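Take a look at the structure below.
Since the structure is predicted, the reported quantities are computational estimates derived from the model, not experimental observations.
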Amino acid sequence: MGSVRLPKGEYSGISLEFAGDGIICEYAASVSDGDVFTVGSGQLALVICDGRIMSLCGAKGAYVYDMKREPSCFTGTFPVYLNEVFRENRGTFSFAGEHRLIYFRMDELCCTYRRESDMMDMSTDTGSVFEGTYCISVSDPFLFLKNAAGYDTVRFGVSDIERELNIEISAHLIGVSGDEAGRVIPAEVSEVWEKSRGIRMTCFGCE
């Protein structure tokens with residue numbers, strides 16, 4: 001139940017263009033033996049069955065799904081630690097449920113930080129940052145699927161998680177000046193988010 005990378009060429013099969021600029025991951029199809037799918041630049045495709053990884057494809061190109069093979073991993077240019085993610089969460093031949101093909105956008109995504117009234121404690125927040133922008137990227141797609149989007153997700157974007165992230169950013173911003181925020185916040189929240197959701201903050205700027 002793995003994938004075989006096909007030689008370079010033109011193939012017709014399953015592919016996906018994200019429905020919008022803010023989409024993090026999106027379900028493409030249920031796949032079965034012999035189905036061909038393609039992975040584009042900046043994309044990573046997971047085939048998930050019963051909460052386990054059957055195939056991880058991060059290298060751009062075309063693949064054929066082969067249910068006679070062991071689960072497979074092609075990290076491409078993405079970090080090698082994804083191999084460990086795959087080894088820890090791979091499935092087995094006994095998995096007979098739906099094999100869901102889900103695409104991830106691995107490029108940076110821009111988010112808006114806006115501190116709403118119910119996030120504020122004015123007794124401690126004097127001088128804190130109240131608006132800004134930041135970028136996030138997926139570091140562990142399986143963990144993101146497991147703890148944020150859900151295995152049965154159809155489409156999950158920035159708008160589905162932005163407020164939740166902003167609440168957590170607000171806690172880290174208490175007592176932090178605008179000059180410090182760009183240096184301090186990405187490191188602090190990334191340490192938490194990578195363990196809890198498989199995402200990282202790559203930059204933060206206040207307005």
Side-chain angles (χ1 to χ4, degrees), residues 15-28 39-46 56 58 60 75-82 85 102-207:
S15 62
L16 185 138
E17 291 188 13
F18 292 105
D21 292 339
I23 301 301
I24 302 171
C25 63
E26 189 168 344
Y27 168 76
V39 177
S41 179
Q43 293 182 337
L44 184 145
L46 285 182
L56 184 156
K60 181 180 178 181
T75 57
T77 60
F78 297 121
V80 294
Y81 65 73
L82 286 178
V85 171
I102 300 172
Y103 284 81
F104 283 81
R105 189 196 304 273
M106 301 298 284
D107 297 329
E108 290 184 346
L109 289 159
C110 187
C111 306
T112 300
Y113 175 73
R114 186 173 294 109
R115 208 163 189 182
E116 299 177 22
S117 58
D118 59 345
M119 300 179 191
M120 301 178 190
D121 178 355
M122 296 307 294
S123 65
T124 59
D125 286 351
T126 303
S128 294
V129 177
F130 287 87
E131 290 190 357
T133 57
Y134 59 99
C135 292
I136 62 172
S137 64
V138 175
S139 55
D140 183 338
F142 181 76
L143 186 62
F144 184 83
L145 202 62
K146 178 181 178 181
N147 291 347
Y151 297 128
D152 295 329
T153 189
V154 174
R155 184 179 299 119
F156 194 94
V158 167
S159 61
D160 297 304
I161 199 172
E162 194 171 50
R163 176 173 167 78
E164 183 180 328
L165 298 182
N166 286 351
I167 291 172
E168 294 183 23
I169 292 170
S170 296
H172 287 273
L173 276 171
I174 293 175
V176 176
S177 69
D179 292 337
E180 296 175 311
R183 174 178 54 84
V184 173
I185 297 305
E188 286 191 358
V189 300
S190 290
E191 184 177 0
V192 176
W193 291 355
E194 288 200 273
K195 293 176 182 177
S196 62
R197 300 184 185 89
I199 58 174
R200 64 166 65 94
M201 179 190 288
T202 58
C203 63
F204 181 92
C206 57
E207 299 175 0

Measure the [atom1]-[atom2] distance between [X] and [Y] for me, rounded to the nearest 0.5 Å.
{"X": "Leu143", "Y": "Lys195", "atom1": "CG", "atom2": "NZ", "value": "12.0 Å"}
{"X": "Leu16", "Y": "Arg105", "atom1": "CG", "atom2": "CZ", "value": "9.5 Å"}
{"X": "Leu145", "Y": "Asp152", "atom1": "CG", "atom2": "CG", "value": "9.0 Å"}
{"X": "Ile185", "Y": "Cys203", "atom1": "CD1", "atom2": "SG", "value": "13.0 Å"}

Determine whether a donor-acceptor pair (N or O, by modelled atom type, separation under 3.5 Å) exists between the side chain of [X] and the backbone of [Y].
{"X": "Ser190", "Y": "Met201", "result": "yes"}
{"X": "Glu164", "Y": "Ile161", "result": "no"}
{"X": "Glu168", "Y": "Val192", "result": "no"}
{"X": "Glu26", "Y": "Ala19", "result": "yes"}
{"X": "Glu162", "Y": "Cys111", "result": "no"}

_Between Tyr113 and Ser170, is there a side-chain donor-acceptor contact under 3.5 Å, judged purely by atom types and distance?_
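Yes.
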_Using the side chain to side chain donor-acceptor pair (under 3.5 Å) criterion, which residues pair with Glu188? Sequence neighbours excluded._
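Glu188 satisfies side chain to side chain donor-acceptor pair (under 3.5 Å) with His172 once adjacent residues are dropped.
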_Which residues pass the side chain to side chain donor-acceptor pair (under 3.5 Å) test with Tyr134, not counting sequence neighbours?_
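Residues passing side chain to side chain donor-acceptor pair (under 3.5 Å) with Tyr134: Asn166.
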Do [X] and [Y] come close enough that some side-chain heavy atom pair is under 4.5 Å?
{"X": "Tyr81", "Y": "Ser139", "answer": "yes"}
{"X": "Gln43", "Y": "Phe104", "answer": "no"}
{"X": "Val189", "Y": "Phe204", "answer": "no"}
{"X": "Leu82", "Y": "Leu44", "answer": "yes"}

Restricting to non-hydrogen atoms, name the atom on [X] and the atom on [Y] that form the minimum distance, rounded to 0.1 Å.
{"X": "Ala181", "Y": "Pro186", "answer": "O-CD, 3.5 Å"}
{"X": "Ile24", "Y": "Phe18", "answer": "O-CE2, 4.4 Å"}
{"X": "Val39", "Y": "Ala45", "answer": "CG2-CB, 3.8 Å"}

*Decide side chain to side chain contact (heavy atoms under 4.5 Å, CB included) for Trp193 and Ile169; before the verdict, give the C-alpha distance in whole Å, the side-chain angles of both, and the deciding distance to 0.1 Å.*
CA-CA 11 Å; Trp193 291 355; Ile169 292 170; 3.9 Å; yes
*Any chance you could lay out the side chain to side chain contact (heavy atoms under 4.5 Å, CB included) test for Tyr151 and Tyr27, step after step, and finish with the verdict?*
CA-CA 10 Å; Tyr151 297 128; Tyr27 168 76; over 6 Å; no
*asked:* Please evaluate residues Arg197 and Leu165 with respect to the criterion side chain to side chain contact (heavy atoms under 4.5 Å, CB included), reporting the C-alpha separation (whole Å), side-chain torsions for both, the decisive distance (0.1 Å), and the verdict.
replied: CA-CA 11 Å; Arg197 300 184 185 89; Leu165 298 182; 3.7 Å; yes
_According to ring-ring contact (aromatic ring centres under 6.0 Å, His included), who are the partners of Phe144, at least two apart in sequence or on a separate chain?_
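Phe156.
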*asked:* By the definition side chain to side chain contact (heavy atoms under 4.5 Å, CB included), identify the one residue from Val85, Ile102, Leu46 that meets it with Pro141.
replied: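 The passing option is Leu46.
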